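Contents: one structure, followed by commentary.
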Amino acid sequence: MRILLVEDDAELGGAVSASLKREHYALDWVTDGMAASAALSTSDYDLVILDLGLPKMSGLNVLKQLRSRGETQRAVPVLVTTAMDAVHDRVEGLDAGADDYLVKPFALDELHARVRALIRRRNAASSNMIEHGNLSFDLTSRQAAASGMPLELSVREAGILEVLLLRAGRAVTKEQLLEKLCAWDSDISLNAIEVYVHRLRKKLEPAGVQVRTFRGLGYCIDKVRPVVPV
């Protein structure tokens with residue numbers, strides 16, 4: 001999952017960036033509102049962590065601009081972080097389209113929990129544990145298991161599985177997987193995505209889970225169909 005962090009405080013931004021990368025999120029970090037607007041116009045993010053007090057363009061204006069764009073942009077969850085703790089500031093941010101609010105200083109563990117909750121909400125996942133037939137995937141630890149037995153997945157394989165499970169029943173292109181998994185400083189190619197998908201497919205086959213390829217559309221894990229009593 002790919003996150004845009006918009007924070008002009010170097011110390012706080014560095015701490016948040018490092019902590020989210022340790023959780024295996026692909027993260028881009030910008031330090032002013034103009035850079036944030038440019039990033040949001042060119043890249044697809046699963047979440048934006050947005051400070052309100054930014055140079056060049058306020059976080060509030062970045063948020064309003066984002067919500068005025070197309071349907072995909074309007075759907076991106078935004079977690080606002082700010083040192084301004086007045087009720088008016090919170091109301092203004094929420095009214096402009098923020099999905100959640102954190103007042104500085106905050107604990108990194110709470111930030112991580114709110115990030116997971118917003119990503120779950122966007123993808124209509126009810127909990128951190130995704131069940132798919134005999135397969136389970138923990139969004140917190142990014143650990144997968146088949147019939148209760150842990151699966152040995154690389155970070156990239158787990159990232160691809162997470163995206164496919166959250167979009168079960170919908171095709172995801174190689175380009176979209178690359179966009180979701182890679183920050184600006186990554187050098188992964190589309191050919192590498194094919195390799196990771198091939199390896200993941202082999203590991204999922206014993207669990208009876210298929211990663212299907214649709215020519216021209218991408219990869220898809222079928223939705224689990226409920227058993228209808230006869």
Side-chain angles (χ1 to χ4, degrees), residues 1-69 73-123 128 138-142 155 158-159 162 179-188:
M1 291 293 153
R2 191 174 179 187
I3 295 174
L4 177 65
L5 171 64
V6 190
E7 174 58 63
D8 66 324
D9 183 288
E11 184 175 356
L12 177 59
V16 170
S17 175
S19 72
L20 289 172
K21 287 180 178 178
R22 283 195 297 270
E23 297 294 311
H24 303 303
Y25 292 103
L27 188 126
D28 298 324
W29 175 21
V30 296
T31 57
D32 66 72
M34 293 295 289
S37 180
L40 289 167
S41 67
T42 57
S43 300
D44 179 24
Y45 291 98
D46 295 284
L47 177 74
V48 179
I49 301 174
L50 179 66
D51 181 28
L52 290 186
L54 296 169
K56 297 186 180 180
M57 179 190 294
S58 72
L60 193 63
N61 284 335
V62 171
L63 179 56
K64 289 178 179 178
Q65 190 179 82
L66 175 66
R67 294 307 187 218
S68 69
R69 291 173 176 168
Q73 294 281 3
R74 289 199 300 268
V76 178
V78 175
L79 172 60
V80 163
T81 65
T82 180
M84 298 181 291
D85 58 357
V87 172
H88 173 266
D89 296 319
R90 300 185 191 187
V91 170
E92 192 173 23
L94 292 170
D95 283 346
D99 297 276
D100 200 357
Y101 213 106
L102 263 180
V103 176
K104 302 173 185 176
F106 50 80
L108 291 175
D109 284 347
E110 182 180 2
L111 173 68
H112 295 170
R114 289 175 184 263
V115 165
R116 290 192 296 268
L118 288 172
I119 291 176
R120 285 200 314 269
R121 186 188 306 169
R122 184 186 188 188
N123 292 282
N128 283 329
D138 189 334
L139 293 173
T140 304
S141 64
R142 287 186 170 76
V155 171
E162 179 181 15
E179 181 96 348
K180 296 291 184 187
L181 299 177
C182 301
W184 293 327
D185 57 358
S186 298
D187 57 358
I188 298 176

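Side chains are part of it too, since the values below use all heavy atoms of this structure and drop only hydrogens, waters and symmetry mates. FYI, the numbering just counts along the sequence from 1. All values reported here derive from a predicted model rather than from experimental measurement.
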- Minimum side-chain heavy-atom gap L102-I49 below 4.5 Å: no
- Item | Taking every non-hydrogen atom, the tightest pair across A98 and L63 | N-CD2, 3.6 Å
- Measure across R116 and L139 and return the closest heavy-atom pair with its distance rounded to 0.1 Å. CD-O, 4.1 Å
- Looking only at heavy atoms, which two atoms of D9 and W29 are closest? And how far apart? O-CZ2, 4.1 Å
- Query: Tell me, do T140 and E23 make a side-chain contact under 4.5 Å, heavy atoms counted?
  - Reply: no
- Query: Y25 ring centre to R142 NZ or CZ under 6.0 Å, with the angle to the axis within 45°?
  - Reply: yes
- Out of curiosity, L50 CG to L4 CG, how far, rounded to the nearest 0.5 Å? 8.5 Å
- Working to the nearest 0.5 Å, report the span between CG of D109 and CZ of R114. 12.5 Å
- V91 vs Y101 side-chain heavy atoms within contact, under 4.5 Å: no
- Query: Quick one: does M1's side chain get under 4.5 Å of L47's, heavy atoms only?
  - Reply: no
- Interatomic distance, E162 atom CD to I119 atom CD1 [nearest 0.5 angstrom]: 7.0 Å
- Mind checking what makes salt bridge (Lys or Arg N to Asp or Glu O under 4.0 Å) contact with K104, not counting sequence neighbours? E7, D51
- Query: Does S19 reach the side chain of R22, with side-chain heavy atoms less than 4.5 Å apart?
  - Reply: yes
- Query: Is a salt bridge present between D28 and R2, judged by a nitrogen-to-oxygen distance below 4.0 Å?
  - Reply: yes
- Item | Closest approach of Y45 to I3 (non-hydrogen atoms, all atoms of both residues) | CD2-C, 3.6 Å
- Of the non-hydrogen atoms in L5 and S17, which two are nearest, and what is the gap between them? CD2-N, 4.0 Å
- Task: Check for a donor-acceptor pair, side chain of S41 on one end and backbone N or O of A38 on the other, with a separation under 3.5 Å.
- Result: yes
- Item | D99: salt bridge (Lys or Arg N to Asp or Glu O under 4.0 Å) partners, not counting sequence neighbours | R67
Donor-acceptor pairs under 3.5 angstrom involving side-chain atoms of residues 53-62: please list them, not counting sequence neighbours.
| unit_1 | atom_1 | unit_2 | atom_2 | d |
| --- | --- | --- | --- | --- |
| S58 | OG | N61 | N | 3.1 |
| S58 | OG | N61 | ND2 | 3.3 |

- Shortest non-hydrogen pair, K64 vs A96, comes out as CG-CB, 4.0 Å
